[in-house]
Amino acid sequence: MKNDKPNPLDEVFDKFLSEKSKIFKNRDVLRHSFVPDELPHREKQSRLIAEILAPALQGSIPSNIFCYGKTGTGKTIVAKYVLNYLIDKCNEMNLTIPITELINCRLVDTPYRVLSNLCKSVGVTVPFTGLPTDEVYKRFQLALDSKEQLMIIVLDEVDELVKKDHKKGNDILYDLTRMNYNLEYARVSLIGISNDLKFKQYLDPRVLSSLSEEECVFDAYTANELQDILNQRAGMGFHEKVLEAGVIPFVSALAAQEHGDARRALDLLHKAGDIAERKGQEIVTEADVKKGQKAIESDIVSNTVNKMPLQSKLILYSIYKLENLALADEIKTGDVYYAYSQLCKSINIEFLTQRRVSELITDLDMLGIISASVISKGRYGRTKKIHLQIPKKVITNVVEKDYMIERLKPVDITLNKDKE
DNA sequence: TGTCCACTGGAAGGGAGGGCTT
DNA sequence: AAGCCCTCCCTTCCAGTGGACA
């Protein structure tokens, strides 16, 4: 398998395998998916959820719970933590262990897929498409009700399910929240998690009342609370005295500015450790944190842009080209559409309608890649005022590397008004 | 004060590509 | 093989809108 010539990659792997990390004791505990034995500053929420789920241990039907709070405020981890604890408790007391299923509705974003995941967790396989949703629901219900058991379903980012299709999203939630009425032996409890506080307004009142029988609010962490969380994880994840004194307060302060996002804080601490390690340092400094922050931001943006479909890249590229024009002090939807259609013509591909382009512009805005605010220009109509929000370097590094876009580099873009 | 612009954004539906049931 | 259903991406249609201008 090996030839005589040494592969330079050997050096990388050998070094990694032979040397113990001077920085990390255990990297995994710094991942936000890791569930520690204790959750600082989430005792109240853990207790509340545990109290709501506890009756299930005695065979009654637990209430559905709706948890909400901003990103990185510990909603998902608290749900996982309580469920793990519940399972341990059942083990300890020789009780039937509940089936638990955590579904992230950002990834599993249609009623069909949610149901097919639920089917899988009760041992039923369904095709990834082809069946009527009703049929998948029936199969799930039948399998679940085949014996006395409790199932706890956690729908993380449940708002995504409803935002995508109000009617279908509400229907599936209605069915799941009311499922207990149709079950003879099994019981179901639903935990809905959302970071969109406006989400409730999309919900059918019937769904809202049954989903939020109990509510659990997660406030943003303060800088001090973040420090406690980071200290706990750093103690497990880093070797002793590896972190320079100011590192944790600095990371906490940065994350507190980002509306108290613990996930972000952990990522940043992890990244800073990585940077220090790669440089062969023995301590992590504030400078590493600063570099880490830049690297994280740049990674996120580049990845997002890279994964976008061609049409969105072309729209983004049109905005970039327009921003480079001296006249483009105020880029409007119409300008972008005109520029975009020029680009499409130059590489001989069909262009989308303005309605669709307007929607894709909104998507880019949601991703934070551009800003697009609706403004009125009086008798000159209503439009979106558009600005690029990412460094132009990302466009040249990522978008221009797309093999389709490479073909149109020489094309000159003009503003809509220039054509008259 | 009414008009009118350049859109926005909701709703409905088409059709392609996938797969199931009968 | 036919009929049906799903998702995804898109089009078409159209009512609604904020505010500059006549």
Side-chain angles (χ1 to χ4, degrees), chain A residues 103-120 124-143 157 159-173 175-176 196 198-199 201-204 307-316 318-319 322 327-341 343-345 349-367 370-387 402 404 414-420:
Chain A
I103 297 175
N104 186 326
C105 301
R106 184 183 290 276
L107 308 170
V108 182
D109 61 351
T110 66
Y112 187 96
R113 284 182 200 156
V114 168
L115 287 168
S116 98
N117 271 40
L118 294 177
C119 278
K120 211 164 150 193
V124 177
T125 37
V126 287
F128 68 87
T129 174
L131 289 179
T133 312
D134 288 1
E135 176 59 28
V136 186
Y137 179 79
K138 271 185 210 151
R139 290 186 191 185
F140 166 57
Q141 188 179 308
L142 202 70
E157 303 197 51
D159 44 299
E160 294 293 326
L161 198 60
V162 181
K163 273 188 212 154
K164 201 172 171 202
D165 188 325
H166 288 200
K167 191 179 175 303
K168 285 185 184 166
N170 270 298
D171 284 353
I172 176 76
L173 288 180
D175 288 342
L176 289 175
D196 182 354
K198 288 179 287 177
F199 158 65
Q201 74 194 40
Y202 301 117
L203 283 180
D204 191 304
K307 277 191 225 148
M308 289 190 317
L310 177 66
Q311 297 288 5
S312 298
K313 277 187 189 161
L314 283 167
I315 292 166
L316 180 60
S318 314
I319 297 167
L322 290 171
L327 289 164
D329 52 335
E330 213 173 72
I331 304 169
K332 307 192 299 299
T333 306
D335 303 326
V336 174
Y337 186 66
Y338 182 70
Y340 154 80
S341 51
L343 291 183
C344 289
K345 280 178 198 160
I349 62 167
E350 296 267 316
F351 51 95
L352 304 172
T353 56
Q354 185 155 338
R355 172 72 188 86
R356 180 67 186 141
V357 169
S358 167
E359 210 157 51
L360 292 177
I361 289 174
T362 307
D363 289 348
L364 290 175
D365 176 38
M366 303 260 261
L367 288 169
I370 60 167
S371 69
S373 44
V374 178
I375 54 156
S376 175
K377 296 175 78 67
R379 68 171 299 142
Y380 302 108
R382 241 156 73 93
T383 183
K384 286 192 185 107
K385 189 177 162 187
I386 298 160
H387 273 299
D402 188 292
M404 285 299 275
T414 55
L415 273 179
N416 202 353
K417 56 190 168 205
D418 297 347
K419 69 182 170 175
E420 267 87 34

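Because the structure is a prediction, the values reported are computed rather than measured. Naming convention: chains lettered A, B, ... in sequence-line order (proteins, then strands); numbering from 1 in each chain.
Of all nucleotides listed (C/dC8, B/dC20, C/dT11), C/dT11 comes nearest to the side chain of A/Thr353. Considering only side-chain atoms of A/Lys332, the nucleotide from B/dC4, B/dC7, C/dT7 that sits closest is B/dC7. Listed nucleotides: C/dT12, C/dC21, C/dC8. Nearest to the side chain of A/Arg379: C/dC21.
On a pure distance criterion of 3.5 Å, a polar donor-acceptor pair joins the side chain of A/Arg355 and the base of B/dG10. Donor-acceptor pairing under 3.5 Å, judged by distance alone, is present between the side chain of A/Arg382 and the base of C/dT17.
Among the protein residues, A/Ile375 comes within range of no part of the nucleic acid, since none of its heavy atoms lies under 4.0 Å from any strand. Within 4.0 Å of A/Gln354, counting heavy atoms only, lie sugar-phosphate atoms of the nucleic acid but no base atom.
Using a 3.5 Å distance cut-off with no hydrogens or angles, the side chains of A/Lys377 and A/Thr383 do not pair a donor with an acceptor.
When atom types are taken as modelled, the side chain of A/Ser341 and the backbone of A/Tyr337 share a donor-acceptor pair closer than 3.5 angstrom.
Here the P atom of nucleotide B/dA6 and the CD1 atom of A/Ile331 are 18 Å apart, to the nearest Å. Going from atom CG of A/Asp134 over to atom C1' of C/dC5 covers 11 Å, rounded to whole Å.
Residue whose closest nucleotide on DNA chain B sits further toward the 5' end, between A/Gly381 and A/Lys384: A/Gly381.
The two atoms that bring A/Glu350 and A/Cys344 nearest to each other are O-SG, 4.3 Å, heavy atoms only.
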